[in-house]
Amino acid sequence: MLAALAVLVGLILACTVAAPPASAQGRSIAVSNPAADQRIMDEATARLVGNASDTQAMRDGAEAAMRLGEYEVALGFLNRAEIAMPGDPFVKAARGSVMVRLGQPLMALPLFAEAERLGGRAVEFAADRGLAHDLLGDQASAQYYYAIANRLAPDPEVTRRHAFSLAVAGQRDAAERMLHPLLQADDAAAWRIRAFMLAVSGRAGEAVALLYAVLPQQLADNLAPYMRSVPRLAPGQQIAAAHLGIFPSEFSGIGGTDRLVPAGRPFGSDYQPDDGD
């Protein structure tokens with residue numbers, strides 16, 4: 001099971017010390033619309049077979065692959081786009097976003113800077129630029145970019161990132177206030193971030209208890225050791241654990257023989273309630 005857990009990020013957990021609300025329990029894993037994205041990616045590939053210079057197909061394929069968590073495939077499309085349109089800011093920014101998702105912020109930041117230099121609108125990739133800074137432990141810069149991104153187009157994912165960044169930086173009250181509206185709306189991923197917020201605040205025991213409240217026991221058994229390790233991580237590592245599911249190599253054996261590494265869409269990042277729950 002752990003091989004499929006490539007990322008701890010996806011725990012959908014309840015929020016406060018109290019028991020989780022019924023609507024946050026009994027959830028199942030579901031990706032928003034993988035069939036549509038797979039179709040877009042396949043169609044983009046077919047279009048490129050017919051016309052190797054179809055730059056729109058390269059863009060469409062890269063974006064669909066990223067939504068699916070197929071980052072190596074996305075890089076394949078972007079490599080072709082780099083040749084076809086080397087000065088395109090979209091290509092630079094998209095490569096930066098892929099690098100962030102692969103846990104390579106030092107490679108991502110120069111790409112974002114280059115995209116901006118080429119005329120790209122910085123606000124359009126501010127969210128991933130913020131995550132790159134977060135992964136490097138620069139929470140102040142991360143929060144600056146998250147605020148810019150949300151100012152243009154409010155996005156629950158950016159709000160979750162911003163709230164957790166505040167928590168990691170020790171601004172727990174501000175983090176709670178920011179996340180509260182999403183929790184009230186029973187945003188599944190917000191419950192997950194709430195659990196990580198409990199862990200980074202030194203309340204790993206409560207976070208683990210929430211695992212057992214909302215997940216099958218075997219799955220909770222597999223994930224609990226990783227959640228207990230969160231308080232021992234450095235700030236950037238906590239960000240990587242929560243958003244990418246990447247843990248330092250020294251934690252590779254705590255949950256079994258498998259190690260948590262990036263492998264497609266983060267486990268549980270699309271955890272949604274079943275119909276009737």
Side-chain angles (χ1 to χ4, degrees), residues 1-13 23-81 84 90-91 93-103 124-125 127-128 131 153-161 182 185-193 214-216 219 222-223 242-246 258 260-277:
M1 188 66 171
L2 272 178
L5 301 183
V7 196
L8 181 71
V9 74
L11 305 178
I12 291 307
L13 307 170
S23 59
Q25 301 185 42
R27 300 184 185 278
S28 61
I29 302 169
V31 176
S32 56
N33 199 345
D37 285 327
Q38 184 66 51
R39 183 173 61 254
I40 291 170
M41 193 168 69
D42 292 344
E43 289 174 352
T45 301
R47 285 155 57 195
L48 286 169
V49 170
N51 178 9
S53 300
D54 188 339
T55 55
Q56 188 60 51
M58 298 172 196
R59 293 173 65 114
D60 292 344
E63 290 175 337
M66 288 179 66
R67 288 192 296 270
L68 287 168
E70 298 286 350
Y71 302 123
E72 296 299 333
V73 176
L75 283 176
F77 283 108
L78 292 172
N79 287 339
R80 299 185 67 158
F90 163 81
V91 178
R95 289 179 72 90
S97 291
V98 170
M99 291 298 102
V100 170
R101 308 303 172 83
L102 292 175
E124 293 181 352
F125 45 85
D128 283 344
L131 183 54
D155 183 340
E157 171 62 18
V158 179
T159 299
R160 291 189 291 265
R161 291 183 188 178
L182 293 178
D186 198 19
D187 178 276
W191 297 122
R192 163 176 54 82
I193 291 300
V214 298
L215 296 176
L219 183 54
N222 286 334
L223 294 173
H243 296 311
L244 304 178
I246 300 174
D258 297 296
L260 294 176
V261 295
R265 181 174 292 275
F267 169 75
S269 60
D270 296 287
Y271 219 34
Q272 300 293 336
D274 290 326
D275 292 339
D277 284 348

Student: To the nearest 0.5 Å, how far apart are CG in D155 and CZ in R160?
Tutor: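 D155 atom CG to R160 atom CZ measures 7.5 Å (nearest 0.5 Å).
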Student: With rounding to the nearest 0.5 Å, note down the distance linking CG in D60 to OG1 in T45.
Tutor: 11.0 Å
Student: Would you say the side chain of R101 lies within less than 4.5 Å of the side chain of D128, judging by non-hydrogen atoms?
Tutor: yes
Student: Do P34 and L68 have side-chain heavy atoms sitting under 4.5 Å apart?
Tutor: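 Yes, at least one pair of side-chain atoms sits under 4.5 Å.
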Student: Starting at CD1 of I193, measure out to CG of D187 and round the result to the nearest 0.5 Å.
Tutor: 9.5 Å
Student: Would you say that E70 contacts D37 through its side chain, given a criterion of any heavy-atom pair below 4.5 Å between the two side chains?
Tutor: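 Not touching, per the 4.5 Å side-chain cut-off.
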Student: Between E157 and R161, does at least one N-O distance fall below 4.0 Å, as a salt bridge requires?
Tutor: yes
Student: Shortest non-hydrogen contact from A74 to A62?
Tutor: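 Here A74 and A62 meet closest at CB-O, 3.8 Å.
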Student: In Å, rounded to the nearest 0.5 Å, how long is the span from CH2 of W191 to CG of L182?
Tutor: 10.0 Å
Student: Can you check whether L75's main-chain N or O pairs, donor with acceptor, with N79's side chain at less than 3.5 Å?
Tutor: yes
Student: Considering all heavy atoms of both residues, which atom of F77 and which atom of A44 are nearest to each other, and what is their separation?
Tutor: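 Looking at all heavy atoms of both residues, the closest pair is CE2-CB, 4.1 Å.
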Student: What are the two closest heavy atoms between G61 and M41, and how far apart are they?
Tutor: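 That would be O-CG, 4.2 Å.
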Student: Got a second to check how far Q56's CD is from L48's CG, nearest 0.5 Å?
Tutor: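 Q56 atom CD to L48 atom CG measures 10.5 Å (nearest 0.5 Å).
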Student: Take R95 and V91, measure what side chain to side chain contact (heavy atoms under 4.5 Å, CB included) needs, and give me the verdict at the end.
Tutor: CA-CA 6 Å; R95 289 179 72 90; V91 178; 4.2 Å; yes
Student: Drop me the distance from E63's CD to M58's CE, to the nearest 0.5 angstrom.
Tutor: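 If I round to the nearest 0.5 Å, the distance is 13.5 Å.
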